[in-house]
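Scroll down for the structure; my scribbles are underneath it.
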Amino acid sequence: MPSIAKLIDDLPEISQSRLVASGVGVWVAWKGTLHNAVENTFREYGALVVARESDQALWFCNTNEIFRALARLQIWARVNPVPVFLQVVPLTLLMGYDMEYSVSLSVELDRQECRVPDDLEVLIHPKLKERVSSVPGLTTAVAGMADGLAPVDWLGLHADQGLDYETVRKWFFVIKPLGRMSDKDSILGWRDFSTEIVELLKRLGLRYILDVKDGFIFFPLDNFRLLRSFCSEILTLIKSVKDDPDKQYWPVVMAAVSQGALQFTGDLPKKIGLDWNRLAPDFPHVRFMDGFLLSEWFRMNEARYGTDAVSLDSWCTIALREGGEKFGHGTMQVALPVAFTGADGGECFYCGQKNHTPDLCPTKHLATPQPQVWHLLAKTDVKEFSKGFAGIDSMVQGKDFVQAMHDVVHAKNTLESLLARAVYEINCPGQIRTLKLVWRTRGKDWGEGLKQLAPQEGEFVWDAMQGLVDNERAQTEELIKQAQIKYPRSYQPHSLLGFWNVEGGDLDQALFHWQEAERMSYTPLQQGYFAYLQARLMEVQGNLKDAINGYRHANTFSPTWIDPVYRQAVCMVKMGFTGQAMDMFWDLIGRDPFVFNRILVDPELDRGRVQLMSSLWEWWSEVEKEALETREIVTRLTEDIGKRFDESHAYFETANEELERLRKLGATTNFVAYRLLIRGAEKFSASLDEEVRREVKRITANIEYQADRVRTIQKEAAWFPFPKLLLEFNKDFNFCVDKINWIKTQPLKDADNFRKSLRFLEEIEERIDALQGRLVTLRIIRDGTLFVLMLGRNFIWFELVGLGLALIAIPSLLYFARDVQGNWILEVIRNQRWEFTKGLVIILSILCLALAAVKSAFTFEKRKRELFEQLDEEMRQSAPRRY
C-alpha cells in the first residue's frame, strides 16, 4: 500500500535552508505504470517532482497552475480511465546550500496510506479551498474522511468541461550580445554569430524580432517543452561554434522571462527590467522554479550567489549536462553575502561594493595590508566559506553596514572576520593603507620593495593622511596645501589629493593628481602603483577597456606584481568576456595558488560567477584527485621514515614534523591546501631521497673506515702469543667482520636494510672501540713478549761469543805469560782458577745482558715491522677472511 512516509523519509535532511517556498503538494499513487499524461501535464503546468517510487510520487507547485493541471487531467480521465489517486495538500519546499531540496509537511499528513482507486480520484485539503475557487470553472465538494488518510474533511474537485484550462506558463526568450554595437569589433563579431542564431530560429520555426540598433534577438516560447528544447539547442550551438576554429563566436547574455502582460513588440527588452550588464554570458537565465524543472536535463547554478533566503522567482542559469552527472555536480558552491552583492549603486573605489561611499568604506580603518589572511583562509574548508558569509549577513542585517562591518572585521579568531578581511584584502593596493607603505619604501620592485621601509618622512602629509582616514576633509585639504607649498616637487601631496577627490566624488581631479604623482615618482614601484590607481579609477567608472590598458601599463613597471593582471581579468569578467578572463586566472593560479580563494570570495566577479565556479570546479576536481593520491604518498612516507630511522636519529623528528604539517594540509578541503600538500610532498620526497643518499654515502664511507680499523686490529692481534686467551676478543672481532660484510653486500636504499645498517654500524663502532681498548693490553703483552724473546736471543748469542772468547783468551794468556813472574793478576789466575772463572762468567753474563738489552732496544721496532710485513705477505698468499 503506498505510504507518503516512504517518500518523505528518503528526502535529504536540510539543517540550514537556503530557500523556503510555500506552495501546493500533490501526492500521486497509481497501479502498474503511471500514464505519461499525468507526468507531462504536471511538468507543463509547473509542478516539480521532489520524490518518487515505483508506485507513488510527490509533486510541488508554487502557483495555482496545479489546479488547472488537475482539472485538465480530470476532464481527460472521463474518457480515458486512469487508476490514479491524487491528494492535494499544503506543502513547503526547502533548498539547501548545495542545491539539494526537500519538503516540509504538517505532522497530520506525513504518515498517510492510501488505496489506489480504479479511476482518477482527486482529494483536496480544506485549507486550499479558496485557492481552488480562484481558478474560473473549478469548484469543490465535501468528500469526507477516508481510511488511511489524515482525519480531515477532504474535498473533491469538479471541473467545468466547457473550459480548456490552458496553462499561462509561457516565456519570451531574449538574446543580447555583449559590447556596444557602435564598436567595430562588436559589429563584426555579432554579425557572424547572430547569423547562426537566426538560422537556428528558422529551423525551429520560431518567429522572432531582431533589434539592429542594440543587437537584441527575442521570440516567444509558448510551452515548457519548447523552452527545454531551445535551451538545449542554443547551448549546443554555442559549444559547437566555440569548438569550431572556422566559425566566429561572440559572447551573449540570455534570459527567459514569463510573458505575463508583456507584448511581443520591438520595445519588449526595455520593459523586462533586467540589468543586462550584470548577467553571466553564454548561459540562459531562468527563474528558480523553471530551473528546478529543467534540472532533469540541465545543470542548474545560481545567477546571484547571495546568502539570503532566495525565492523561486530569483534568477539562475542552466548549462548542458555531461555524462549523466549528478545534480549540482560541476560547480564550486560558495555563497557570497547579500551584504556584499545585493545593493545597486556606484562601486566603492576601495573595495568595489555598492552599499556605501568610499569615505565610509570599512577598509579605511585597516592600518596595514594583511596578506596573512590568505594563508589563514587556505587552512579553512571551502564548505565553511558559505557558512561564514551567511554569518556576515546575519551580523549586519538590520544594522548600519559600515559600523557592523567594522565590528566584523575587527573581531578576533572568527570565520566571519577572516572572510570579511579576505574580501577587503582583494583590492588592498587601491586602499590608503598601501599608500602608507609606498611613501616609506626604498625598494624598486613590488613585493620585496614593500619590506624595505624607512621611517616616516615629511611634514603635514602624515597628519593629512590621518585626517583623510578620520573623514576630516577641511583639515585634510589645508594640510595637503601646506605640504604642496613646502614640497612642490613631491609626489606625496598629489597622491593624497587623489584619494581626497575620490571621496569627494571628483574622479577627474583624482585622475589628474595621480597622473602628476606618477610623473613625479622616482622608482618603478611608485610609478606602477599610481598607474594602478588610475586604472582602478577607470574601472569603477565603467571604462573597462581603458582600465585594462591602464593595468597593463602598471604591470610594465612591476612584471612580478600579480594584482594588475588580476584586475585585468576582473575587468574582462565585468565586460562579459569570462572565457578570456579564465585563461588569465589560470595563469595567475599557476603563479600563486592563493588566487583561487581570491576568486571564490571576490564579489566583483558576480557577473561571470557561473562560468568561473564551473571552471574552478574543473581545476578543483583535478587537484583534489591528485591530493588524494598525495595523501596516500604522505602515509607511505610516514611509514618509510619509521622503517628507515630510529627515533634518536636527527632527521626523524624533523621529518615527522614536516609530515604532520602535510597531513594537516591534506585534511583541509581547500584548493590552496591541496596545492601546498602536493608541492610539499614533492619537496619532502626529494629531501628524503637526498637524506638517504647522504646517509648511504656516510654509511659506505664509515664502513670502509671501520674495515680499516678491523684490519689494523687483526694485524695487531695476530702476534699475540697466547691465542687461547682471545675467545671474547675473537667473538667481537668476528661479529664486526660479519656485519661489515653484510652491509657491503646489501642494497642500502631498501628501508629495512637501511635501518639495519644504521643499527649495525653503531654496534660495529662500539665493539671496535672495545676491541681497540683491549688491544692496548694485547699490544703490551705482545711487544713485551717479543722484546723478551729478542733480548734472550741476543743475550745467548753475546753469552756464547763471550764464553768462547774467554775459553780461548784465558788459556792463551796463561800459556804465553808462563815465564812472567811477579804479576799479581797472573798469580791470582794461576792460583785461583776456579774462583776467577766463576767471577769472569758472572761479569761476562752481566755485560752480555746489558749489550743484549741495548741491541734489542735499538732493533726492536725494525724487527717488529719486518715480522709484520712477513705476516702480511703470508696472509696475502693464503685465503684471507672477507670483510
Side-chain angles (χ1 to χ4, degrees), residues 305-307 332 334-343 347-397 399-438 447 450-451 469 499 532 536 562-563 566-567 570 588 592-606 668-673 676:
Y305 280 67
T307 58
M332 300 295 296
V334 175
L336 294 179
V338 172
F340 291 167
T341 61
E347 291 185 18
C348 170
F349 177 86
Y350 295 126
C351 67
Q353 296 172 19
K354 301 180 180 181
N355 51 11
H356 61 268
T357 54
D359 59 310
L360 300 177
C361 185
T363 63
K364 292 181 64 178
H365 298 285
L366 295 174
T368 58
Q370 301 177 5
Q372 68 273 13
V373 300
W374 301 117
H375 295 273
L376 295 174
L377 202 63
K379 299 177 182 179
T380 306
D381 286 351
V382 173
K383 294 180 180 179
E384 299 296 316
F385 287 10
S386 296
K387 295 180 181 178
F389 282 134
I392 291 176
D393 263 338
S394 63
M395 295 172 73
V396 303
Q397 188 174 8
K399 302 177 183 178
D400 177 69
F401 175 81
V402 176
Q403 183 58 44
M405 284 308 302
H406 180 273
D407 296 338
V408 171
V409 169
H410 289 86
K412 299 297 183 181
N413 301 323
T414 65
L415 178 60
E416 291 79 8
S417 174
L418 174 61
L419 289 168
R421 285 183 289 138
V423 170
Y424 289 136
E425 196 69 21
I426 292 173
N427 190 43
C428 179
Q431 299 165 11
I432 297 176
R433 49 179 169 158
T434 301
L435 180 64
K436 297 178 183 179
L437 299 182
V438 173
L450 295 183
K451 299 177 183 178
V469 171
F499 285 104
Y532 177 95
R536 173 63 177 170
I562 68 171
D563 288 272
Y566 181 84
R567 298 310 316 174
V570 173
L588 287 175
D592 183 0
F594 293 98
V595 173
F596 189 95
N597 286 339
R598 185 187 296 198
I599 297 171
L600 286 181
V601 302
D602 193 349
E604 293 190 71
L605 296 174
D606 185 55
T668 304
T669 309
N670 191 292
F671 180 88
V672 180
L676 294 177

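- Phe594 places none of its side-chain heavy atoms less than 4.5 Å from the side chain of Leu377.
- Nearest heavy-atom pair across Arg536 and Cys348 is NH2-O, 3.3 Å.
- Smallest separation of non-hydrogen atoms from Ala339 and Val396: CB-CG2, 3.7 Å.
- Here the shortest heavy-atom pairing between Pro603 and Thr341 reads CB-CG2, 3.9 Å.
- Between Leu360 atom CG and His365 atom NE2 the span is 8.5 Å, to the nearest 0.5 Å.
- Side-chain contact check for Glu604 versus Arg567: some heavy-atom pair is nearer than 4.5 Å.
- A pairwise comparison of heavy atoms in Pro358 and Tyr350 identifies O-CE1, 3.2 Å as the closest pair.
- Cys361 SG to Asn427 CG: the interatomic distance, rounded to the nearest 0.5 Å, is 9.0 Å.
- Counting only heavy atoms from C-beta outward, the side chains of Leu336 and Asp602 never approach each other to under 4.5 Å.
- Separating the CG atom in Leu376 from the CG atom in Leu418 is a distance of 5.5 Å, to the nearest 0.5 Å.
- Contact record, Pro362 with Phe401: CG-CE2, 4.4 Å, taken as the closest heavy-atom pair.
- Side-chain contact between Lys364 and Ile432: present, with at least one pair of heavy atoms (C-beta onward) separated by less than 4.5 Å.
- Seen from the ring of Tyr566, Arg598 counts as a face-on cation partner, given the 6.0 Å and 45° thresholds.
- With a 4.5 Å cut-off on side-chain heavy atoms, Asp381 and Asn670 do not count as touching.
- For the pair Thr380 and Thr668, the minimum side-chain heavy-atom distance is 4.5 Å or more.
- Gln431 CD to Ile426 CD1: the interatomic distance, rounded to the nearest 0.5 Å, is 10.0 Å.
- Taking CG of Leu366 as the reference point, atom CD of Glu425 lies at 8.0 Å (rounded to 0.5 Å).
- Using the six-membered ring where Trp is involved, Phe340 and Phe389 have ring planes that are perpendicular, over 60° apart on the 30 and 60° scheme.
- Using bins of under 30°, 30° to 60° and over 60° for the plane-to-plane angle, the ring pair Phe671/Phe596 lands in the parallel bin.
- The aromatic rings of Phe349 and Phe499 sit perpendicular to each other, their planes meeting at more than 60°, with 30° as the lower class boundary.
- Inter-residue side-chain proximity for Gln353 and Val423 is flagged as met; some heavy-atom pair is nearer than 4.5 Å.
- Evaluated for a side chain to side chain contact (heavy atoms under 4.5 Å, CB included) with Glu416, the options Val408, Asp393, Val409 yield exactly one hit, Val408.
- Salt bridge Glu384/Lys379: absent, no basic N to carboxylate O contact under 4.0 Å.
- Rounded to the nearest 0.5 Å, atoms CG (Leu588) and CD1 (Ile599) are 7.5 Å apart.
- In terms of heavy-atom proximity, His410 sits nearest to His406 at ND1-O, 2.9 Å.
- The number of heavy atoms from other shown groups lying within 6.0 Å of NZ (Lys387) does not exceed 12.
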